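Read through the structure below, which is laid out as structure tokens, and then see the notes.
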Amino acid sequence: MMDDKRLEAEKQVLASKLPSNSYRFMDMNTSYPYIVMAAKTNSGNIYTVRIDLANFPNSKPEAFVRKMLYTKTGEAMNGPSAAMHTLSTKYGFTQICHYADSAWTPMVSIYKVYVKCRLWLEMYDLHLKTGNNMDYYLNHQH
């Protein structure tokens, strides 16, 4: 769980990078804290991302688009897929693979996780347009 000093540092970074109305910390004094963040893609689509913070920053947080997404062919993105950079669903939401476990360090900020999710969403929009798998646009980290 984040200590108060880390939480304040994260809030400062977010305040310097994003409009204050585009994110909200939720349930921070519970066992299941998270942040909800709005993301508008270059195509104009608006998504809401949930990043679970229960073990942040010591372990990689789970990140979700706050709805079930579907591939261009209509398949639910509800399970692990290397080609689509997704993990198992939770809450009925598509889970984004944003960092390899081996690439995670406690120095990664919530903002950087958000940037990776935002990039993923851009590639998702491209997938919907072209039909190419996410892997066509994104490399896997090792």
Side-chain angles (χ1 to χ4, degrees), residues 1-72 75-142:
M1 192 135 183
M2 259 188 297
D3 61 23
D4 290 339
K5 185 177 177 184
R6 177 65 184 256
L7 179 58
E8 284 310 309
E10 293 289 344
K11 285 180 177 179
Q12 286 179 7
V13 170
L14 291 172
S16 73
K17 303 284 188 184
L18 299 170
S20 62
N21 65 349
S22 68
Y23 60 91
R24 176 177 282 163
F25 286 92
M26 307 290 290
D27 297 340
M28 292 308 289
N29 295 319
T30 72
S31 299
Y32 303 102
Y34 62 99
I35 186 171
V36 176
M37 307 180 82
K40 184 175 182 181
T41 62
N42 292 336
S43 301
N45 293 321
I46 298 173
Y47 299 93
T48 307
V49 174
R50 174 188 172 134
I51 301 171
D52 286 352
L53 302 173
N55 298 310
F56 180 85
N58 296 321
S59 60
K60 178 183 74 174
E62 293 179 321
F64 306 89
V65 179
R66 285 185 30 151
K67 65 180 180 178
M68 181 56 62
L69 298 179
Y70 294 86
T71 64
K72 183 174 175 69
E75 298 170 60
M77 297 175 76
N78 60 0
S81 169
M84 296 304 283
H85 292 252
T86 58
L87 300 169
S88 295
T89 189
K90 192 171 175 183
Y91 318 112
F93 302 154
T94 298
Q95 185 175 176
I96 296 171
C97 183
H98 57 86
Y99 268 92
D101 290 334
S102 60
W104 183 258
T105 76
M107 299 306 296
V108 177
S109 68
I110 292 170
Y111 179 71
K112 191 161 183 190
V113 173
Y114 166 79
V115 168
K116 291 260 196 157
C117 291
R118 172 85 169 55
L119 178 63
W120 188 96
L121 290 166
E122 290 291 347
M123 300 309 108
Y124 175 67
D125 279 359
L126 281 172
H127 160 74
L128 293 178
K129 189 184 254 185
T130 67
N132 291 331
N133 286 342
M134 306 288 274
D135 229 18
Y136 181 83
Y137 305 106
L138 297 170
N139 292 324
H140 282 95
Q141 294 178 333
H142 299 286

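This one's a predicted model, so the numbers in the text were calculated from it and none came from an experiment.
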When Tyr47 is tested against each of Thr41, Thr94, Asp125 for side-chain hydrogen bond (donor to acceptor under 3.5 Å, both in side chains), which residue passes? Asp125

Could you walk me through whether His127 and Asn133 pass side-chain hydrogen bond (donor to acceptor under 3.5 Å, both in side chains), step by step? CA-CA 6 Å; His127 160 74; Asn133 286 342; 5.0 Å; no

Rounded distance (nearest 0.5 Å) linking atom CD of Gln12 with atom OH of Tyr111: 15.5 Å

Is NZ or CZ of Arg50 both nearer than 6.0 Å to the six-membered ring centre of Phe93 and within 45° of the ring axis? no

To the nearest 0.5 Å, what is the distance between CE (Met84) and OG1 (Thr71)? 6.0 Å

Carefully, step by step, assess Thr130 and Tyr137 under the rule side-chain hydrogen bond (donor to acceptor under 3.5 Å, both in side chains). CA-CA 11 Å; Thr130 67; Tyr137 305 106; 2.8 Å; yes

Check whether Phe64 forms a cation-pi arrangement with Lys90 (NZ or CZ under 6.0 Å from the six-membered ring centre, at most 45° off the ring normal). no

Could you state the interatomic distance from CG (Leu87) to CD (Gln95), rounded to the nearest 0.5 Å? 4.5 Å

Would you say that more than 12 heavy atoms from the other residues, nucleotides or ligands in this model lie under 6.0 Å from the CG of Asp3, or not? yes

Here the gap from Ser22 atom OG to Leu14 atom CG, rounded to the nearest 0.5 Å, amounts to 8.0 Å

Can you measure from OG (Ser43) to CG (Leu126) and round to the nearest 0.5 angstrom? 6.5 Å

Measure the OH-CD1 distance between Tyr34 and Ile110 for me, rounded to the nearest 0.5 Å. 14.0 Å

For Tyr136, does the OH atom sit with more than 12 other heavy atoms under 6.0 Å from it, leaving out its own atoms? no

